[in-house]
Amino acid sequence: MVKKLFFLVSAYFILFNSYGQGVLKFNSDKHDFGLIEEGTTATYEFEFTNVGKDTILLTDVKASCGCTTPYWTKDPIAPGGKGSIKASYSSAGRPGVFTKTITVSSNATEPSKMLIIKGVVEKKEEKPVYTEAELKSSPKAEIEKTSYAFGKIERGQKVVAKINLKNTGKESLTILGVQAACNCVSHSFPAGSVGSGKTETIEFTYGPYHDGENSDIVIITTNDKNNPKITINFTAEVVESLQQKSLLMEDNSKIPFGK
């Protein structure tokens, strides 16, 4: 009886204190810059609202490296109030894929919150200059859409997008590379090239790592002289489990997402 009473009092005390604290609700806790040119400084502002019952004070905001500089709201945030954390990434001398974290410390119900920024830094090189004739005869890459929203998926699950790539140019179209700021995207492209007036399908498999809202950018590089870079955005909300299983989840590993 004493143990039971102690448990109930402890539970009440914890719930009471949590209820009375401030709660940080971010619009997004992850951001993918996609492709950025080496030498530029990429900046993103994470916005949040205090949806709790008490004032919040951000006591510290630390980045995982010196290449990322955070600025944040220093004033106390009253219930219903808003604030922000601005993260700037210096890409000078840092070509390639990057993923950095920013740890936010506060007196909120979640005392330590992690934010993530990522992207792909394109090495700064002199861009080729083409003649008007070369531009006219160039292959031209076209895709149906550049954004795919998969909705809610279970933790550890992978989804599939089949994307039609059409060549409306005069020469054969070749994919020179596919990049993403995470290892959560893989692709399959059986054709070596896409002939003039032809269409081929690229199959992307997407399996985001983090719980909650995810947004990841994939960059396709081709020999299209007019527009060599194509960016595609994949979004999904990762949850622990889905109450109602979709009939499409036959093997618990992949969901095909329309051609």
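The structure displayed is predicted, hence computed values, not measured ones. Along the sequence shown, the residues carry numbers beginning at 1.
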- Determine whether the side chains of S106 and T59 contain a donor N or O and an acceptor N or O closer than 3.5 Å. no
- Task: Name the orientation class of the two ring planes belonging to Y148 and F150 (parallel below 30°, tilted from 30 to 60°, perpendicular beyond 60°).
- Result: parallel
- Message: A side-chain contact here means heavy atoms from C-beta on lying under 4.5 Å apart; do T221 and V178 qualify?
- Response: no
- Item | Matching residue for S91 among T41, T40, V120 - test: side chain to side chain contact (heavy atoms under 4.5 Å, CB included) | T40
- Does NZ belonging to K123 count more than 12 external heavy atoms closer than 6.0 Å? no
- Item | Distance flag, aromatic centroids of F33 and H31, threshold under 6.0 Å | yes
- Item | K229 and D224 ion-paired at < 4.0 Å | no
- Run the side-chain hydrogen bond (donor to acceptor under 3.5 Å, both in side chains) check on N164 and T201 step by step: do they pass? CA-CA 4 Å; N164 290 329; T201 301; 2.9 Å; yes
- Message: For a quick check under 3.5 Å, do E45 and S84 share a side-chain donor-acceptor pair by atom type?
- Response: yes
- Query: How about K53 and Q21: do any of their side-chain heavy atoms sit closer than 4.5 Å?
  - Reply: no
- Task: Kindly indicate, with the supporting measurements, whether the criterion ring pair (Phe, Tyr, Trp, His ring centres under 6.0 Å) is fulfilled by F46 and F48.
- Result: CA-CA 7 Å; F46 293 94; F48 61 83; over 10 Å; no
- Message: Taking side chain to side chain contact (heavy atoms under 4.5 Å, CB included) as the criterion, tell me which of T49, L58, D29, V51 meets it with L24.
- Response: L58
- Message: Cation-pi check for Y71 against K86: NZ or CZ below 6.0 Å from the six-membered ring centre and within 45 degrees of the axis, yes or no?
- Response: no
- For the ring pair Y206 and F204, is the centre-to-centre distance below 6.0 Å? no
- Point-to-point distance, once rounded to the nearest 0.5 Å, from NZ of K162 to CD of E203: 5.0 Å
- Task: Give a yes or no on whether a salt bridge exists between E144 and K166, defined as a side-chain N under 4.0 angstrom from a carboxylate O.
- Result: no
- Item | E47 CD to I85 CD1 distance, which is reported to the nearest 0.5 Å | 11.0 Å
- Message: Check whether F98 forms a cation-pi arrangement with K100 (NZ or CZ under 6.0 Å from the six-membered ring centre, at most 45° off the ring normal).
- Response: no
- Check whether any side-chain heavy atom of K145 lies under 4.5 Å from a side-chain heavy atom of I143, and answer yes or no. no
- Message: I'd like to check S193 versus L173 (side-chain heavy atoms, cut-off strictly below 4.5 Å). Are they in contact?
- Response: no
